[in-house]
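Heads up: the structure comes next, in structure tokens.
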Amino acid sequence: MRVEIWSDIACPWCYIGKARFEKGLADFVHRDEVEVVHRSFELDPARAKGDTGSVVDMLAQKYGRTREEALAMEEHVASNARAEGLGYRTEGRDHGSTFDIHRLLHLARARGRQNELLDRAYRANFAEERSVYDPSVLLALAVEAGLDEAEARAVLADESAYADEVRADERQAAEFGATGVPFFVFDRRYGVSGGQPADLFTKALEQAWQGRTPAPAGAPDAPACDTDGSCEVPAN
């Protein structure tokens, strides 16, 4: 069975959702027969390369909040991340174009190192003092994930490299009706959106395996990030 996951490095619920999905997968009896493919989805595809800014300042401006209120919003998301055993910095993070990251993730998939690079990129973006929008940091992450440095450098230098693959993923997401991420598709039968609890992912896997109409399709909405750049903050 194949599970495809559309996500963006800039999305905190993709970071959290990946951890929850993997916990759900770990409890699935046929987990060794599941292929997981990560697909590209840019929350801000029109953003220019090199145009970066503070996440906290962006949140304050977008939602009309004070900086202190924006920090509180970040802390609320951080509490969900920490509950999954993930690191999360509420200050000092930046945001920008994720197109180069997605292109490198396609290279990593071709070399069998996609999950390794994705984990390192998430950790760098949300938990460490490393900007994934800095080409030198991105190259270092690629090498840490097991990619050849010269090949990764060449991909970053050629903006057409894997660009078609990124755009193809995004077109497919649009055809599926996905307007936010994370978005999980099980064997191209049905989708589950948002950072759902781990046990719901286990149920989705079980019922997809059995080929039945899944109960998770009627599950309540879970936090996600939308194409307008907004990320839901849970009420509790």
Side-chain angles (χ1 to χ4, degrees), residues 6-19 38 40-63 67 70-78 80-82 84-109 113-159 161-163 166 170 181-182 225-231 233:
W6 274 262
S7 60
D8 194 4
I9 291 296
C11 167
W13 292 110
C14 296
Y15 177 47
I16 295 167
K18 182 177 187 293
H38 294 279
S40 301
F41 191 107
E42 294 172 274
L43 288 169
D44 191 0
R47 194 175 189 91
K49 183 176 178 178
D51 178 13
T52 61
S54 161
V55 168
V56 173
D57 290 345
M58 177 272 292
L59 290 172
Q61 181 178 9
K62 182 176 182 62
Y63 294 105
R67 196 172 191 281
L71 278 170
M73 292 169 64
E74 274 285 87
E75 185 57 44
H76 213 155
V77 178
N80 280 264
R82 292 165 187 155
E84 303 301 332
L86 302 172
Y88 196 104
R89 292 185 299 122
T90 55
E91 290 194 77
R93 292 195 301 109
D94 55 3
H95 67 110
S97 170
T98 56
F99 187 58
D100 282 351
I101 302 169
H102 286 296
R103 293 193 302 109
L104 266 189
L105 283 166
H106 275 280
L107 168 65
R109 183 187 173 201
R113 308 299 295 176
Q114 187 182 52
N115 195 61
E116 289 79 3
L117 178 56
L118 186 59
D119 280 342
R120 281 165 175 77
Y122 274 139
R123 187 165 60 246
N125 188 44
F126 290 104
E128 300 174 347
E129 297 286 344
R130 305 171 78 185
S131 173
V132 294
Y133 308 106
D134 180 334
S136 64
V137 170
L138 195 51
L139 180 61
L141 292 172
V143 173
E144 290 169 19
L147 295 179
D148 178 77
E149 181 174 356
E151 186 174 31
R153 189 188 301 276
V155 167
L156 288 174
D158 179 4
E159 294 190 359
Y162 293 100
V166 174
E170 293 173 338
V181 284
C225 293
D226 294 329
T227 50
D228 66 356
S230 62
C231 292
V233 179

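Just so it is clear, the model here is predicted, and its values are computed rather than measured.
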Separation between CG of Leu104 and CG of Leu156, rounded to the nearest 0.5 Å | 4.0 Å

May I ask you to say whether Glu84 pairs ionically with Lys18, meaning some side-chain N is under 4.0 Å from a carboxylate O?
-> no

Ala145 backbone acceptor or donor facing Arg113 side chain under 3.5 Å | yes

Hey, does Leu118 have a side-chain heavy atom less than 4.5 Å from the side chain of Ile9?
-> yes

Evaluation steps, side chain to side chain contact (heavy atoms under 4.5 Å, CB included), between His38 and Asn115 | CA-CA 8 Å; His38 294 279; Asn115 195 61; 3.6 Å; yes

State the OG-CG distance between Ser97 and Asp51, to the nearest 0.5 angstrom.
-> 9.0 Å

Pair Arg109, Tyr162: side-chain N/O donor-acceptor within cut-off below 3.5 Å | no

Between Thr98 and Leu43, is any pair of side-chain heavy atoms under 4.5 Å apart?
-> no

For residues Pro45 and Phe99, determine if any side-chain heavy atom of one lies less than 4.5 Å from a side-chain heavy atom of the other.
-> no

Give the minimum heavy-atom separation between Tyr88 and Ala78, together with the two atoms involved.
-> CD2-CB, 3.4 Å

Once you round to the nearest 0.5 Å, how far does NE2 of His106 lie from CD1 of Ile101?
-> 12.5 Å

Determine whether Leu86 and Asn80 make a side-chain contact, defined as any pair of heavy atoms from C-beta on separated by less than 4.5 Å.
-> no

Sub-4.5 Å side-chain heavy-atom contact between Cys14 and Tyr122 = yes

Quick one: sort the Tyr15 and Phe126 rings into parallel, tilted or perpendicular, breaks at 30° and 60°.
-> parallel

For atom CD of Glu159, decide whether the heavy atoms of other residues, nucleotides or ligands shown that lie under 6.0 angstrom number more than 12.
-> no

Heavy-atom closest pair, residues Asn125 and Arg93 | O-CD, 2.9 Å

For Ala10 and Pro12 the tightest heavy-atom approach is O-CD, 3.4 Å

Closest heavy-atom pair and its distance - Glu74, Leu59 | CG-CD1, 3.7 Å

Do Thr52 and His95 touch side chain to side chain, with heavy atoms closer than 4.5 Å?
-> no

Sub-4.5 Å side-chain heavy-atom contact between Arg67 and Glu91 = yes

Heavy-atom nearest pair, Thr90 first then Val56, reads O-CG2, 3.4 Å

Give a yes or no on whether Gln61 atom CD has more than 12 heavy-atom contacts from other residues, nucleotides or ligands under 6.0 Å away.
-> no

Answer whether the closest heavy-atom distance between the side chains of Val166 and Glu42 falls below 4.5 Å.
-> yes

Is there a donor-acceptor contact under 3.5 Å from the side chain of Arg103 to the main chain of Ala161?
-> yes

Between CG of Leu141 and CZ of Arg130, what distance do you get to the nearest 0.5 Å?
-> 4.5 Å

Considering all heavy atoms of both residues, which atom of Asp148 and which atom of Glu151 are nearest to each other, and what is their separation?
-> OD2-N, 2.8 Å

Is it true that Arg89 and Glu128 have a side-chain N and a carboxylate O under 4.0 angstrom from each other?
-> no

Is a salt bridge present between Arg123 and Glu144, judged by a nitrogen-to-oxygen distance below 4.0 Å?
-> no

Value rounded to 0.5 Å, distance of CG in Leu105 from OG in Ser40 = 6.5 Å

Answer yes when Glu149 and Arg153 have at least one side-chain N-carboxylate O distance shorter than 4.0 Å, and no when they do not.
-> yes

